[in-house]
K.L.:
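Dumping the structure here so I can ask a few things about it.
No experiment lies behind these values; they were computed from the predicted model shown. Counting starts at 1 for both ligands and their atoms, following the listed order. Position 1 is the first residue of the sequence; numbering continues from there.
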Amino acid sequence: MARYSRTEGTIALITLSNPPVNALGAAVRRTITDIMHRALTDGEVKAVVLCGENGTFCAGADIREFGKPPSGPALVPLIHDMEASEKPVVAAIEGVALGGGLEIALGCHYRIAHAKARLGFPEVMLGLIPGAGGSQRLPRLIGIPAALELITTGRLVSAQEALKLGIVDQVVDGNTIETAVKFALNVIGVCRPLLSRRLSERTPAFSVDAAAVLEEGMARVKQRARGAFAPVVCVQALRAAATLPYSRGMETEEQLINMLIDSSQARALQYCFFAQRNARKWSLPSGARWNNSKPRAVHRVGVVGLGTMGRGITVSLVKAGISVVAVEMEEKQMDLGMRAVLGMLERDAQRRGDTRPPTHLLTFTLSLQQLGNVDLVIEAVFEDMALKKRLFTELCNVCKPSTLLCTNTSGLDVDALAVVTHRRSLVVGMHFFAPANVMKLLEVVCGPHSSAEAVATAMTLGKRLGKVGVVVGNCPGFVGNRMMKLYLDQAYFLLEEGAAPEQVDQVLEEFGFTMGIFKVSDLSGLDVGWRVRKASGLIGPDVNPKTPSRWRQGCRYSPLPDLLCEQGHLGQKSGRGWYLYETPGGKEPKPDPAMHRFLQEYRSRYGLTPRHVHAHEVIERCTYAMANEGFRILEEGIAARAEDIDVIYVFGYGWPRHRGGPMFHAAQVGLATVLQRLEHYHQLHPDVPHLQPSPLLQRLVEAGSPPVHHWREHVQHLHSHL
Ligand SMILES: CC(C)(COP(=O)(O)OP(=O)(O)OC[C@H]1O[C@@H](n2cnc3c(N)ncnc32)[C@H](O)[C@@H]1OP(=O)(O)O)[C@@H](O)C(=O)NCCC(=O)NCCSC(=O)C[C@@H](O)CCCCCCCCCCCCC(=O)O
């Protein structure tokens, strides 16, 4: 928990010891409080050095304790006692000093940091504010503008930046604890009383513009927060620091954190924190798991296809220091792709202040033969099964027998590709999201033949690329796009029933989505879905001409997006889609009067009487339809946990993190309510079978709506892939 030792005769060394990150759980707080009291009252001790075991100072409060009844001593009195002490207290910061960890460090009189240390207040990402004096001490140390930026964004700073800002007093390359001990010996008795080092005693170093800075800060966070409370409350805490004496500021901080601590948003954000980490802990029905499966070494990767996805994947790989052989079939495409990749790398290097992008890691070629020596191939050609099968067959002949063959398909059958190869166990899906060099999500699609080694290798590679990997099973659309289809269907149906694209989007954005569904569709290009619908036989020559336009494969179908595509309205790239753009390639969507007329004509053609669609109906139909499919996905074992589905939505589809994800949202609304609303909508729309509540949802409600982590226990037949 925390250890006490004496060094150099007069220095008390207090070492936090709570692996893996020295979080400040109740037992740790109890031990440090006792030990600190001992050190501060022991007459032989002249100074104290506080450090953390195993190269980590402290990652802050133990997040698992939030939401539980409080126990153990609080941090605030401990920090006050330390700061009030007449013996110098020096923090030796290695690894991280985050949240409550940094608050403790700010209560110390001096801070020495290792060059590789990172410091910050990430509380806002957990729906909180720094609640143990951090919101009051940091602005007194570095001023309002810098504190405002750090606290409202949760951004971590390097030791060097912390030195520049004045958060730490010294940065060391060598042994931080030894340096801190020497430092402590040097300052014993030098600065008595330690008044100037006590941040709570300082008058905040505010510029005259503090009020304006806070006002601007508030406007900025409100615009960016998409409905999240915590960033706004962070600004309120800083306003208290700017305008109130320290003790009153602390009272305000306490009131504000108490308001947030039990909020549904804080719960959702803390759920996301653990869900993201749990996603790494995959397992397969064979018993193979993340911690008993060895990934293969990947030094050289082949990327086939230099369209939008292939380019982004190539850039991600190169930025992670991995050699890439990029293959295109046609010279013109290759030239375009090569220029785009080099341009992206160049801009990235400029942003980071590097003079030369790592182009030496790149080989561009028109010949698949050059893939003979790669460890892994990522196929990123068109979504055309016949083309992909030909390619996989050829790759088998070209690549060494141990090369993993991965497909970036966004929904085609990974197993159908595996069976054309002689190395089925080495085939997995690596589904990146556009733009692949930016988006964090990676679905690792595991087919029935995929080996644990292949899954482990794809997950490890994803981690090297900075992605959040989630292992999913093989079915059309996997997890993300399978649920997305139902979301889109509901959005189209809402247009048929009377809504306008901008109205649906506004409601979704107010809910917290990064972008409304129609804006997303315009951005990705309407032709993407069009191709998928053609390939899956929903449109095209295979459809019986007698089939009504609004009816496909036994259920209601909306041809709206197909009609737009037929007119060449493909979204941003064509200057027109669900919205109007100034020019082809324009980015600024404007409501399109022609779209309104088109919808009116469409409705009258099919005898649909438009009605006013309420905001709550938009949210319920879109999000409950998604969650309902999520329950089916869980039942089929396509996702191992509800948390995995939520991670996919938060990291890949712009779902607001402060609402946890579609499954967590359903749990927060109440499963019984979701069930009842789905029944209601299914009664109104019996031609939409997907609105019929899934059997798992029904069983969960019968079982009293257990918490998300227990849902898997109610899956009846674990016939699953995962
Ligand atoms: C630290 C990291 C940067 C490490 O990253 P890395 O990639 O190396 O590793 P992982 O992310 O995989 O983490 C490894 C492992 O550790 C677990 N973990 C990490 N941090 C915590 C944590 N803070 N608590 C619990 N567990 C943690 C993680 O889950 C992994 O576990 P696994 O099983 O999967 O291996 C990175 O992890 C990171 O960024 N962590 C989060 C850091 C953070 O957000 N810190 C802020 C915490 S909130 C806080 O500090 C609030 C303060 O302002 C204090 C507020 C006090 C008042 C509140 C009143 C509430 C009452 C309850 C508490 C009473 C206390 C009091 O009153 O004083």
K.L.:
Quick check for students: name every N or O atom pair between ligand 1 and the protein closer than 3.5 Å, with distances.
P.N.:
unit_1, atom_1, unit_2, atom_2, d
ligand 1, 11 (O), Arg277, NE, 2.6
ligand 1, 11 (O), Arg277, NH2, 3.2
ligand 1, 12 (O), Arg280, NH2, 2.6
ligand 1, 23 (N), Ala59, O, 3.4
ligand 1, 23 (N), Ala61, O, 2.8
ligand 1, 24 (N), Ala61, O, 3.4
ligand 1, 24 (N), Ile63, N, 2.9
ligand 1, 33 (O), Lys281, NZ, 3.1
ligand 1, 34 (O), Lys281, NZ, 2.8
ligand 1, 45 (N), Ala59, O, 2.8
ligand 1, 50 (O), Ala61, N, 2.9
ligand 1, 50 (O), Gly100, N, 2.8
ligand 1, 53 (O), Glu103, OE1, 2.8
ligand 1, 53 (O), Glu123, OE2, 2.7
ligand 1, 53 (O), Gly131, N, 2.9
ligand 1, 68 (O), Leu75, N, 2.6

K.L.:
Please identify each residue that fulfils side chain to side chain contact (heavy atoms under 4.5 Å, CB included) with Gln160, with sequence neighbours left out.
P.N.:
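Per chain and number, Gln160 pairs via side chain to side chain contact (heavy atoms under 4.5 Å, CB included) with Ala115, Ser158, Val171.
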K.L.:
List in chain and number order the residues that pass side chain to side chain contact (heavy atoms under 4.5 Å, CB included) with Asn292, two or more places apart in sequence or in another chain; answer none if no residue qualifies.
P.N.:
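Partners of Asn292 under the side chain to side chain contact (heavy atoms under 4.5 Å, CB included) test: Ala288, Arg289.
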K.L.:
Going by the rule side chain to side chain contact (heavy atoms under 4.5 Å, CB included), which residues pair with Thr514 if we only count those two or more places apart in sequence or in a different chain?
P.N.:
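Per chain and number, Thr514 pairs via side chain to side chain contact (heavy atoms under 4.5 Å, CB included) with Arg226.
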K.L.:
Is there side-chain contact between Ile167 and Leu138, with heavy atoms separated by less than 4.5 Å?
P.N.:
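With C-beta onward as the side chain, the pair touches.
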K.L.:
If we check side chain to side chain donor-acceptor pair (under 3.5 Å) with Tyr246, which of these qualifies: Arg202, Arg137, Glu201, Glu251?
P.N.:
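The side chain to side chain donor-acceptor pair (under 3.5 Å) with Tyr246 is passed solely by Arg137 among Arg202, Arg137, Glu201, Glu251.
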K.L.:
What I want to check is whether the side chains of Tyr271 and Asp646 have a donor and an acceptor closer together than 3.5 Å.
P.N.:
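Short answer, yes.
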